[in-house]
**Q** 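Dumping the structure here so I can ask a few things about it.
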2 protein chains.
Amino acid sequence: MGERVTIRDVAARAGVSVATVSRVLAGNYPTSTASRAKVLRAVKDLDYVANAHARALAGAGRKTIAVLMFDVVSSFYANVAQGVEMEAAQRGRLTLVASTGSDPARELALVQMMREQAAEAVVLVGGVIEDDEYRERMARYAQALAAAGSRLILCGRPAPAPDVPALVVEYDNEAGAYAITSHLLGAGHRKIALIGYQPGHTTGEDRVAGYLRALADHGVPRDEAILHGIGFGQNHGYEAIMDLLKKAAGRPDFTAVFAGDDRVAAATVIALREHGLRVPEDISVVGYNDDPVAADITPGLTTVHIPAEEMGRTAVRLALAGAPRAGQERHLLGTHIVIRESVRGLRGSRGDGGS
Amino acid sequence: MGERVTIRDVAARAGVSVATVSRVLAGNYPTSTASRAKVLRAVKDLDYVANAHARALAGAGRKTIAVLMFDVVSSFYANVAQGVEMEAAQRGRLTLVASTGSDPARELALVQMMREQAAEAVVLVGGVIEDDEYRERMARYAQALAAAGSRLILCGRPAPAPDVPALVVEYDNEAGAYAITSHLLGAGHRKIALIGYQPGHTTGEDRVAGYLRALADHGVPRDEAILHGIGFGQNHGYEAIMDLLKKAAGRPDFTAVFAGDDRVAAATVIALREHGLRVPEDISVVGYNDDPVAADITPGLTTVHIPAEEMGRTAVRLALAGAPRAGQERHLLGTHIVIRESVRGLRGSRGDGGS
DNA sequence: CTGAAAGCGCTAACAC
DNA sequence: GTGTTAGCGCTTTCAG
């Protein structure tokens, strides 16, 4: 491991002072063409790269952006991460990623590490169970981060309290659920089972709220709502639908199912099929997220597109923008439904995908 | 934006010297219980966290691991990244990710940035077009990185030259292709179309090689091989199969298709279906990667599982292990086939998923 | 066991 | 324009 070449070596080789080297490299200060050339030449000869740590210590250099999330592979998180990375890269920042597994202890440890790194911003992604403990924890993070000169951005999760120095970027979860439920209602469905959401979890709750609101707006009494929430994930969806079918002794008392997310929906389609029920001929199915799986399965899933990558981009854009204010800002991104083939119109009503 | 609290503040508050504070925090040096207590107390009171940059400059502190790859969302890359992150986290390291979009210029810029960061290891992921330019570029990276005390790990891509200080972690691409082709042959298929690989790209070439070898071993003449490579990706698969079908005027001259990856396979299933061909009854289809889509579609795709996450883990494990040697090491991870329902046995031969 | 002091590599006044 | 120099915050000899 040969000795690292430093700015001093470059200066020596170029026959100038370290200050000059620093200046031509920074490019923010007048330097003569002659010395600039000599320095550049030396840099190339020596294959010199500046030490980011030294630079950071001396109070210059770009900082890094950190993203903390449940995991790295789920399509939602992966897309947010991609958005963060792209926007950060475009602005010359490096991106640090870490997964929390939704363990508060690990999350805290990571926030501390980000303080140590003096990250310019830390982006916390994903729904949570919103309680006082959560709000207090976020407030602590935000304060600590702010004191270290960095900013906290909450992405797809609720804001803690109005006076906490955090930015929040969300997408309209409730509206998406409202829209897709309305789509189903518009196609003539009334008995719509909502399955695969996690009670208490913000994301799930918002989707339930949108579903319920749509039902109400279309005159479906609240007690006709069929709710069966048990958590996201493929297995959950499969089990949920099995439960529902069992309860109905094989003769489902619903004509459509609104799955908590697309993976749940995909599992639902499979479970239904195993029971000899066709989608969408017998039962219509919609999902949420516009996960790649939605386009890959047959029938293509009608679902709600959520702007995951855009959230990531927005998060860093906001973080790097203007002066950090004392209070907080909230940005709500839109969703839209993507119509494919998994919904059938009932009794000649409007709708898609049916005959 | 309050002034950052430094080790000096802690020392003052605890009534000891900065050296003592440093020592108790590092915990690698004897200190009296009394001062340890005072220091810890002050740290808590002040909510102090060390400055990672200063620590790095002074030659201590954990370094970071960097992963550079095409993008962050594709399931293969996401899984490798996840493996890297998990293993790094377990060893107290932070992970830096960046996407290259397979642009050599961007890749180079990122390698330079990683040198600046003094990353402990940089992991380059994904197949490439292997030519002299590539080999030379990797050699340069490896040398530069080694000179800065960090290591280059090539993950899922070929090694440059025997004397280059790089580690390589790969999976047995050729063997996987051999195995799945053999599976098809064992089920009685002889006319197997291989579609959706990118000529010149290592990953694609290896799969073709395994396919060809399996054919040869089963007595299928080379000129009966049906190769139609045009690149990975869903659209490519769709187009490829359309081409093939068109060429055969609707009456396919193959009974099975080996798709370059699972997304291509998924598109193939859809394209086939649009032509009134059922999978696996009329045509069997297999993929590669064991992407989530393989389990989500109907029929479930028989495919080759590749140890993406394990590669990521192995990469950092190796990087952090033993002393960096001059030469290079190569690690080949295994693959295995995952049997689902997309292959049908012909004429009573063995096979799965049929009748 | 603890403190003083010398850097780590770079930037940014401050002189010239 | 360019050189000198004082730090940035921490670790680590080197003395006590």
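Protein chains get the first letters and strands the later ones, always in sequence-line order, with residue 1 at the start of each.
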**Q** Can you tell me how far CD1 of Ile65(A) sits from CD of Glu120(A), rounded to the nearest 0.5 angstrom?
**A** 5.0 Å
**Q** What is the 5' to 3' range of DNA chain D, first to last nucleotide, that sits under 4.0 Å from any heavy atom of chain B?
**A**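 With heavy atoms of chain B under 4.0 Å away, the range is dG9(D) to dT13(D).
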**Q** Using the side-chain hydrogen bond (donor to acceptor under 3.5 Å, both in side chains) rule, collect all pairs that involve residues 57-74 of chain B, keeping only residues at least two apart or in two chains.
**A** Asp71(B)-Ser74(B)
**Q** What are the 5'-most and 3'-most nucleotides of DNA chain C lying under 4.0 Å from any heavy atom of chain B?
**A** dC1(C) to dG9(C)
**Q** Mapping Leu57(A) and Asn28(B) onto DNA chain D by nearest heavy atom, which one lands closer to the 5' end?
**A** Leu57(A)
**Q** Using modelled atom types only, decide if a donor and an acceptor are shared between the side chain of Gln82(A) and the backbone of Val72(B) within a distance under 3.5 Å.
**A** yes
**Q** Between the main-chain N or O of Ala319(A) and the side-chain N or O of Arg151(A), is there a donor-acceptor pair closer than 3.5 Å?
**A**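 Flag set: sc Arg151(A) to bb Ala319(A) pair under 3.5 Å.
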**Q** Return the set of residues passing salt bridge (Lys or Arg N to Asp or Glu O under 4.0 Å) with Asp45(B) (not counting sequence neighbours), or none when no residue passes.
**A** Arg13(B), Arg41(B)
**Q** Does any pair with a residue in residues 56-113 of chain B pass ring pair (Phe, Tyr, Trp, His ring centres under 6.0 Å), and if so which ones, sequence neighbours excluded?
**A** none
**Q** Which residues in residues 14-27 of chain B have a heavy atom closer than 4.0 Å to any atom of DNA chain C?
**A** Val16(B), Ser17(B), Ala19(B), Thr20(B), Arg23(B)
**Q** Which residue in the set Thr20(B), Val16(B), Leu25(B), Thr31(B) passes side-chain contact (heavy atoms from CB on, under 4.5 Å) when paired with Arg36(B)?
**A**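 Of the listed options, the one satisfying the test is Thr31(B).
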**Q** Sequence neighbours left out, what passes side chain to side chain contact (heavy atoms under 4.5 Å, CB included) with Ala50(B)? Give chain and number order.
**A** Tyr48(B), Arg55(B)
**Q** Tell me every residue that passes salt bridge (Lys or Arg N to Asp or Glu O under 4.0 Å) with Arg106(A), counting only those two or more places apart in sequence or in another chain.
**A** Glu85(B)
**Q** Among residues 29-51 of chain B, which residues get a heavy atom nearer than 4.0 Å to DNA chain C?
**A** Tyr29(B), Pro30(B), Thr31(B), Ser32(B), Ser35(B)
**Q** If we fit an axis to the first five pairs and another to the last five of the helix from dC1(C)-dG16(D) to dC16(C)-dG1(D), what angle do they make, to the nearest 10°?
**A**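 The angle separating the two end axes equals 40°.
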**Q** Under the rule for side chain to side chain contact (heavy atoms under 4.5 Å, CB included), what residues qualify as partners of Tyr134(B), not counting sequence neighbours?
**A**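 With neighbours one apart ignored, the set is Val128(B), Glu130(B), Asp131(B), Arg137(B), Met138(B), Leu154(B), Arg157(B), Pro158(B).
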**Q** For Glu170(B), enumerate each residue passing the salt bridge (Lys or Arg N to Asp or Glu O under 4.0 Å) test, keeping only those at least two apart in sequence or located in another chain.
**A** Arg330(B)
**Q** Strictly distance-based, threshold 3.5 Å: is any side-chain N or O of Arg8(A) a donor or acceptor partner for the main-chain N or O of Thr6(A)?
**A**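 Such a contact is absent between Arg8(A) side chain and Thr6(A) backbone.
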**Q** Output yes when a side-chain donor or acceptor of Ser150(A) lies under 3.5 Å from a complementary backbone atom of Ala119(A), and no otherwise.
**A**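 Indeed, once roles are kept as given, a pair shorter than 3.5 Å links the two residues.
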**Q** Taking the side chain from Thr100(B) and the backbone from Met69(B), do they hold a donor-acceptor pair closer than 3.5 Å?
**A** yes
**Q** Run the salt bridge (Lys or Arg N to Asp or Glu O under 4.0 Å) test on Arg140(A) and Asp47(B) for me, step by step, so that the C-alpha distance in whole Å, both residues' side-chain angles and the decisive distance to 0.1 Å come before the verdict.
**A** CA-CA 11 Å; Arg140(A) 266 206 317 279; Asp47(B) 194 20; over 6 Å; no
